[in-house]
**Q** 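Attaching a single structure in structure tokens format; questions to follow.
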Amino acid sequence: MERIFDSLPGVSMPVEKVSETLTHMWDAGMPGNGASTDFRASQMNLILHLGLSTTVHEAEELFQTAIEFAQKYPCRIVVLCPSEVPAGEYAFEGKLFSQCYIGKHLRDVCCCEALILGYSPDESDYLENQVSIWLESDLPTYHWFHRVPADRISQHYLGFIERCRRVIFDGEIEGDAYDAIDWPDSRRIKDLAYARTLPLRQHMGQFISRFPPRELIEGLQSLRFQYHKGMRRTVLQMLKWHRNALEKCFPRPADIDSVVFAFEQLVEEGSSSCMRIEWSYANPQHFLSCRYDVSLRSGLIQAGLPSGQFSHPLHIEPLPPQQSLSEAMFFC
């Protein structure tokens with residue numbers, strides 16, 4: 001079986017040679033004369049931490065997402081690739097990837113670098129020391145987990161987190177497991193499932209903002225969030241967003257507890273990427289609803305409130321993976 005370390009691009013070399021090679025990699029030419037040193041001013045470190053259950057296809061896609069992200073936000077990428085297959089006499093293996101990209105205009109040049117570390121899970125206790133050598137110490141660090149079990153994070157990797165500006169994961173893949181981790185600072189933990197809801201949050205926010213806050217909460221009894229299986233974590237994030245926003249509409253935040261928030265899976269046949277949100281009021285003539293199907297990229301928001309009846313059709317293009325990553329890292 002092919003290891004994810006072997007599937008990723010780059011030049012293999014002893015781990016101790018990676019930093020030395022990187023130091024001289026951009027030496028060609030003189031700054032100011034179009035040398036690649038003019039185009040590699042890193043802004044941050046990005047650690048892409050893969051778990052053992054990551055497939056080769058996933059690893060290649062995630063690596064490409066990180067590279068595309070780095071073309072807009074220059075950074076040093078460090079990819080951690082565990083493997084249960086012995087790599088020989090060495091506990092760690094190294095790879096160095098570098099490439100310059102030319103944008104739409106010939107002067108738009110970006111040089112990316114990725115340091116790839118293969119290691120055995122048995123060496124997890126030494127991993128932090130090795131990674132710290134590769135990071136640019138004066139820049140902020142962001143840590144992106146993918147299929148790393150929650151118990152391994154709690155046991156081995158919380159030391160990483162203390163120095164990270166943000167920690168990223170994908171709740172649609174990890175489920176609720178990461179919610180149970182005793183993170184050093186939960187405010188720095190960001191879910192890509194929430195980041196991907198940005199276009200839908202923008203549409204709903206613009207639609208709802210036409211109503212006075214008092215009108216939205218007067219007689220409000222419940223909000224029901226329904227999802228098909230493939231949308232569970234995304235809809236859960238929409239529930240949290242609604243609750244946080246509605247708290248600000250009440251005279252006291254605690255008054256939100258009078259509203260019932262229901263969260264349930266749709267059992268009917270059909271698209272596995274459909275979601276529904278229904279607001280219910282004491283007055284049966286009042287309502288607000290949103291239905292959206294990610295696979296069709298379409299939906300509908302409707303409302304009947306004292307201000308009148310309104311509807312807003314939805315057509316939403318999904319965020320590219322690199323844009324979801326930047327949303328989770330900087331803006332959520």
**Q** Hey, are Glu68 and Gln64 close enough side-chain-wise for a donor-acceptor pair under 3.5 Å?
**A** yes
**Q** Would Arg276 count as a cation-pi partner of Tyr227, with NZ or CZ less than 6.0 Å from the six-membered ring centre and within 45° of the ring normal?
**A** no
**Q** Taking the cut-offs as 6.0 angstrom to the six-membered ring centre and 45 degrees off its axis, would you call Arg201 and Tyr194 a cation-pi pair?
**A** yes
**Q** Less than 4.0 Å between a side-chain N and a carboxylate O, is that true for Arg297 and Glu317?
**A** yes
**Q** Less than 4.0 angstrom from a charged side-chain N to a carboxylate O is my criterion; do Glu93 and Arg3 meet it?
**A** yes
**Q** For residues Glu327 and Leu198, report the shortest heavy-atom separation together with the two atoms involved.
**A** OE1-CD2, 3.5 Å
**Q** Is the His143-Phe145 ring centre distance short of 6.0 angstrom?
**A** yes
**Q** Applying the 4.5 Å side-chain criterion to the ILVMFWY set and letting contacts propagate, would Met329 and Ile173 be lumped into a single cluster?
**A** no
**Q** Can you see which heavy atom on Leu158 is nearest to which on Asp182, and at what distance?
**A** CD1-O, 4.0 Å
**Q** Quick one: is the NZ or CZ of Lys190 closer than 6.0 Å to the six-membered ring centre of Phe169, and within 45° of its axis?
**A** no
**Q** Can we call the ring centroids of Tyr126 and Phe92 under 6.0 Å apart?
**A** no
**Q** Are Tyr119 and Phe5 an aromatic pair, judged by ring center distance below 6.0 Å?
**A** no
**Q** Between Glu172 and Thr234, is any side-chain donor less than 3.5 angstrom from a side-chain acceptor?
**A** yes
**Q** Would you mind telling me which of His242, Gln226, Arg291 makes a side chain to side chain contact (heavy atoms under 4.5 Å, CB included) with Ile277?
**A** His242
**Q** Pair Cys112, Cys100 - check disulfide bond (SG atoms under 2.5 Å apart), show working.
**A** CA-CA 6 Å; Cys112 301; Cys100 290; over 6 Å; no
**Q** Is it true that His312 and His203 have ring centroids separated by less than 6.0 Å?
**A** yes
**Q** Tell me whether Asp191 contacts the main-chain N or O of Gly171 through its side chain, where contact means a donor paired with an acceptor under 3.5 Å.
**A** yes
